[in-house]
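Chain naming here is simple, since letters A, B, ... match the order of the sequence lines and numbering starts at 1 in each. Nothing here was measured: the structure is a model prediction, and the numbers come from that model.
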There are 2 protein chains.
Amino acid sequence: MGIPERKEREKEELRERILTAAKTLFLEKGVEKTSIRNIADLIEYSPGIIYHYFQDKNEIFHALHQGGFHQLMSRMGVLTSVSHPMERLKAMGTIYVQFAMENPDMYDLMFIKEAPIDHVSNSNEEQWKEGFGTFNFLRDTIKECIDKGHFQGHEIEALSYLIWSTVHGLVSLHIRRRCEVVLAHKQHTIVKEGLEEFFNILDKL
Amino acid sequence: MGIPERKEREKEELRERILTAAKTLFLEKGVEKTSIRNIADLIEYSPGIIYHYFQDKNEIFHALHQGGFHQLMSRMGVLTSVSHPMERLKAMGTIYVQFAMENPDMYDLMFIKEAPIDHVSNSNEEQWKEGFGTFNFLRDTIKECIDKGHFQGHEIEALSYLIWSTVHGLVSLHIRRRCEVVLAHKQHTIVKEGLEEFFNILDKL
DNA sequence: TTTTGTTTTTGAACAGTGTTCATTTATTTT
DNA sequence: AAAATAAATGAACACTGTTCAAAAACAAAA
């Protein structure tokens with residue numbers, strides 16, 4: 001008797017359709033301008049149905065931002081081939097920045113917007129699994145660097161946060177348009193140039 | 001006949017009262033949850049009046065964020081007493097981070113929220129004067145550092161952007177709650193610790 | 001003082017928002 | 001075929017930013 005299984009499949013299918021519609025609209029118009037009614041229109045259901053699949057709007061965008069972390073993490077996959085941890089750290093930075101510049105809206109959702117984090121706070125899961133995983137990945141690499149003699153006199157946790165902050169700062173000032181009005185000339189190259197300066201500094205440590 | 005003068009004064013006064021009310025509500029509930037009707041209620045006028053003093057909601061929050069830049073810049077005033085540019089640069093970083101941590105909502109408005117920048121884009125002023133001024137201040141200090149022999153092999157503009165990015169990253173990940181869920185322990189000290197790591201690095205350059 | 005002209009202020013209206021929930025429709029089980 | 005369960009609806013609630021004809025308040029002229 002496969003009826004409950006089929007029902008389960010159908011539920012999952014509709015959930016996925018909601019998410020796909022939400023993603024389409026979100027990439028078109030951003031989080032704020034994507035309304036529940038817009039999503040409902042696109043999947044040709046009534047607005048109410050969405051609340052049978054998601055607690056609220058935040059949960060939808062939390063689910064979307066998970067997809068972003070999958071994308072980012074899969075890009076990080078190539079790093080296994082970089083054996084020296086210092087080179088790997090720099091390659092990580094490059095991938096991180098590249099991802100952000102190529103998917104600014106997704107990056108914004110993952111690391112700037114409050115919606116997904118609000119959902120983590122309001123649900124009973126005590127932790128932001130996605131972010132935690134990515135941060136650990138960075139910390140492990142930095143740990144290896146320290147083991148190889150780099151970053152002497154530095155504390156691993158604080159240094160990891162600093163390095164994350166640096167790349168996040170580079171891309172988030174750009175995404176939130178704080179540099180296009182300050183460095184109007186070279187606004188298209190400044191993030192890359194800043195990252196290169198950062199690598200120069202890392203090489204000295 | 002001072003009637004037009006008095007009228008001018010009264011207009012300016014009401015404008016100021018709108019701004020004060022907006023600031024009160026904004027610091028209480030944030031930008032999104034502060035509505036035009038809330039502001040109107042607080043000053044005991046009808047909602048429509050606000051549109052005789054401001055083009056739209058963004059202009060109100062742009063005006064508010066200007067106040068934040070005044071605050072920040074006046075804090076930077078003490079830096080004139082720091083003669084060595086490298087020490088001055090570090091002191092700037094400390095003041096910047098301190099300002100952000102003590103006024104997270106104002107910092108958010110100044111450097112993260114899109115509202116004030118949207119207003120700059122939509123008005124005819126081609127530039128974000130407030131940000132430009134602060135950035136120049138930073139760049140001038142870094143220029144002096146270079147003149148004294150620091151930061152060899154670095155390009156001034158890109159390096160300035162990198163340093164700004166670093167401190168911005170440190171505080172903005174915290175303000176947007178990306179570190180309290182990743183580094184739940186020591187979430188209250190991580191920004192300070194990260195900044196200290198940064199200073200350690202700067203000392204080596 | 002009354003009338004005319006100007007400026008300031010109002011508040012209803014528009015088109016939207018997230019969210020809830022009694023009611024209806026569809027499907028499955030008895 | 002009837003009863004029970006699950007899925008889906010759409011009206012309603014309390015909001016939002018913004019506009020604009022109409023009203024009220026005030027100043028100048030008669």
Could you tell me whether the side chains of A:H65 and A:W128 share a donor-acceptor contact shorter than 3.5 Å? yes
Taking A:K143 first and then A:D147, would you say they form a salt bridge - that is, a charged N and a carboxylate O separated by under 4.0 Å? yes
Can you tell which of C:dT19, C:dT9, C:dT17 lies closest to the side chain of A:Y51? C:dT19
Could you tell me whether A:Y53 contacts a base, only the sugar-phosphate backbone, or nothing, with contacts defined as non-hydrogen atoms closer than 4.0 Å? sugar-phosphate
For A:E13 and D:dA7, what is the distance between atoms CD and P respectively, to the nearest whole Å? 14 Å
Of C:dG18, D:dT16, C:dT10, the nucleotide closest to the side chain of B:Y45 is C:dT10
Under the ring-ring contact (aromatic ring centres under 6.0 Å, His included) criterion, do A:H84 and A:H150 qualify, and how do the steps go? CA-CA 12 Å; A:H84 198 291; A:H150 294 96; 5.8 Å; yes
Please give, in whole Å, the distance from D:dA14 C1' to B:K33 NZ? 14 Å
Between B:S172 and B:R178, does any side-chain donor sit less than 3.5 Å from a side-chain acceptor? no
Report the nucleotide, chosen from C:dT19, C:dT9, D:dG17, that has the shortest atom-to-atom distance to any side-chain atom of B:I49. C:dT9
Are A:F111 and A:Y96 an aromatic pair, judged by ring center distance below 6.0 Å? yes
B:S46 has its side chain closest, among D:dA8, D:dG10, C:dG11, to C:dG11
cation_pi(A:K113, A:F61) dist<6.0 Å, angle<=45: no
Measure CD1/A:I36 against P/C:dG16 and give the value in whole Å, please. 16 Å
Verify whether the ring centers belonging to A:F132 and A:F137 lie closer than 6.0 Å. no
Starting from P on C:dG11, measure out to NE2 on B:H52 and report it in whole angstrom. 14 Å
Do B:R37 and D:dG17 have a side chain to base donor-acceptor pair shorter than 3.5 Å? yes
What does A:L14 touch in the nucleic acid at a heavy-atom separation under 4.0 angstrom: a base, only the sugar-phosphate, or nothing? sugar-phosphate
Rounded to the Å, how far apart are A:I43 CD1 and D:dA8 C1'? 11 Å
Work out how much the helix from C:dT1-D:dA30 to C:dT30-D:dA1 bends between its end axes, five pairs an end, to the nearest 10 degrees. 30°
